[in-house]
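See structure below.
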Amino acid sequence: MLIPRLLWLVPALLLTLALVLLVASEYATARASRRTKDVAYVAATAPDFDAARHRLDVYAPRTTSSTLRPVVVFIHGGSWNSGSKNLYSFVGRRLAKQGVVAVVINYRLSPGVRVPDMAADCARAVDWTARHIADYGGDPNRLFTMGHSAGAGLAALLAVKDELFAGLGRSTNPVKGAILDDPAGLDMFDYLTKLEYPNDEQYLIPFGKDPAVWRAVSPMYHVRAGNPPMLLFVGGETYPSITSSSRRFHERLQALGIRHEYTTLPGKKHVGMVTQLYWKNNVIYQSLLRFVGVKP
């Protein structure tokens with residue numbers, strides 16, 4: 001019969017419809033923002049300049065504003081050895097559509113460099129942003145870091161370790177707050193000392209074998225009274241190491257009276273914690289907009 005023969009077309013038609021709607025949604029989102037792509041944040045004459053990794057993209061709202069807008073610098077994850085800003089344009093687009101100037105960055109990765117150099121790269125990207133973002137409608141005095149996984153650990157480190165910016169000639173840390181999405185690396189000193197999970201030795205490549213370095217790049221040991229506020233989101237079904245270190249980080253912030261919010265999202269796994277950022281109305285964006293001062 002003709003009808004049974006045509007039934008196989010239904011899934012294909014539904015998939016096609018879904019793809020059309022997805023593309024249409026992405027186009028509508030993209031139209032609301034202006035992207036400036038592949039801006040170098042390190043001088044090409046610097047001895048360590050990396051033409052691919054020392055780059056960032058700026059996403060600014062197309063709508064005009066009588067005042068400068070808050071700025072979020074997004075740092076991608078990827079176990080310190082992978083990832084690219086090009087995979088996270090959806091974050092930049094959605095932030096811009098909601099009134100934030102977003103900066104999505106690359107940084108050098110392992111095995112080419114180790115985590116201290118990655119942190120230095122991220123600090124240089126933030127320093128570039130603080131110096132230039134007003135040209136894109138962003139307020140350098142309302143600059144926040146954000147990241148997922150390894151990127152969230154780096155975002156936290158930038159917020160609490162002023163020495164990263166002192167080395168760039170800054171007397172004060174320009175980071176006014178941090179948004180941490182399922183952060184990894186908050187306490188690598190504890191993690192690498194214990195090596196209690198399968199395949200933990202792989203992280204000795206990006207972090208090296210010196211416990212002093214593990215401690216130096218762990219935000220847990222740089223938190224002090226007076227640090228900027230933070231939002232901390234943890235997946236209810238994420239990795240146990242992230243759950244435990246995030247809880248201890250929350251307790252450390254709490255003990256020092258640092259303003260922050262700690263939120264567990266039930267049912268969310270590690271990857272799902274970042275893919276949910278595709279939807280602009282998710283709980284992370286809702287909290288972020290309040291946090292950075294975007295008026296509804």
Side-chain angles (χ1 to χ4, degrees), residues 29 32-33 58-76 88 90-105 126 129-130 133-134 136-149 151-156 158-160 173-183 186 219 223 225-236 238 246-247 249-254 256-268 272-296:
T29 300
S33 64
V58 181
Y59 297 82
R62 285 190 180 275
T63 56
T64 59
S65 173
S66 59
T67 59
L68 295 176
R69 302 178 188 271
V71 180
V72 171
V73 177
F74 182 85
I75 307 170
H76 70 76
Y88 297 93
F90 66 94
V91 175
R93 296 290 192 195
R94 278 146 189 78
L95 286 171
K97 187 172 184 178
Q98 298 178 93
V100 175
V101 177
V103 179
V104 184
I105 74 169
V126 168
T129 301
I133 205 62
Y136 300 86
D139 187 348
N141 296 310
R142 289 193 290 164
L143 190 159
F144 303 82
T145 55
M146 178 183 184
H148 170 255
S149 193
L154 290 166
L158 293 169
V160 301
N173 190 329
V175 178
K176 298 301 189 292
I179 302 100
L180 313 180
D181 183 0
D182 224 38
L186 293 175
V223 177
N227 279 150
M230 300 188 197
L231 298 179
L232 179 54
F233 299 92
V234 180
T238 191
S246 295
R247 170 59 64 176
F249 193 69
H250 155 63
E251 291 170 352
R252 177 72 173 151
L253 296 175
Q254 197 170 45
L256 290 172
I258 297 168
R259 183 168 66 87
H260 71 288
E261 296 177 17
Y262 178 82
T263 305
T264 299
L265 300 183
K268 288 291 184 183
M273 287 294 290
V274 69
T275 55
Q276 69 179 324
L277 295 176
Y278 186 86
W279 289 273
K280 71 181 184 67
N281 294 321
N282 78 78
V283 66
I284 293 180
Y285 286 139
Q286 291 175 22
S287 296
L288 180 153
L289 294 175
R290 293 192 299 269
F291 184 65
V292 304
V294 173
K295 296 180 180 179

**Report entry** Sequence-distant partners of Phe249, ring-ring contact (aromatic ring centres under 6.0 Å, His included), two or more places apart
**Finding:** none

Requested in this report: Apply side chain to side chain donor-acceptor pair (under 3.5 Å) to Ser149 and list each qualifying residue two or more places apart in sequence or on a separate chain.
Outcome: His270

**Report entry** Tyr262: partners by ring-ring contact (aromatic ring centres under 6.0 Å, His included), with sequence neighbours left out
**Finding:** His250

Query raised in the report: Pick one: which of Asp181, Thr275, Leu277, Leu180 meets side chain to side chain contact (heavy atoms under 4.5 Å, CB included) with His148?
Result: Asp181

Query - Partners passing ring-ring contact (aromatic ring centres under 6.0 Å, His included) against Phe291 (at least two apart in sequence or in another chain) - result: Phe144

Requested in this report: For residues Ala96 and Ala60, report the shortest heavy-atom separation together with the two atoms involved.
Outcome: CB-C, 3.9 Å

**Report entry** Sidechain-backbone polar pair: Arg142 side chain, Lys176 backbone, donor-acceptor under 3.5 Å
**Finding:** no

Query raised in the report: Cation-pi between Arg93 and Tyr59: NZ/CZ under 6.0 Å from ring centre and within 45° of the ring axis?
Result: no

Report summary line: Distance col, row Thr145:OG1 vs Leu158:CG, nearest 0.5 angstrom, shows 5.5 Å

Query raised in the report: Does Thr129 have any side chain to side chain donor-acceptor pair (under 3.5 Å) partners at least two apart in sequence or in another chain, and if so, which?
Result: none

**Report entry** Backbone N/O of Gln276 and side chain of Asn282: donor-acceptor pair under 3.5 Å
**Finding:** yes

Query - Modelled atom types, side-chain donor and acceptor of Arg69 and Thr63, under 3.5 Å - result: yes

Query raised in the report: With sequence neighbours excluded, what pairs up with Arg252 under the salt bridge (Lys or Arg N to Asp or Glu O under 4.0 Å) test?
Result: none

Requested in this report: For residues Phe74 and Ile179, determine if any side-chain heavy atom of one lies less than 4.5 Å from a side-chain heavy atom of the other.
Outcome: no

Query raised in the report: Just wondering, do Leu143 and Ile133 contact through their side chains at under 4.5 Å, heavy atoms?
Result: no

**Report entry** Leu186 side chain reached by Ser246 side chain, heavy atoms, under 4.5 Å
**Finding:** yes

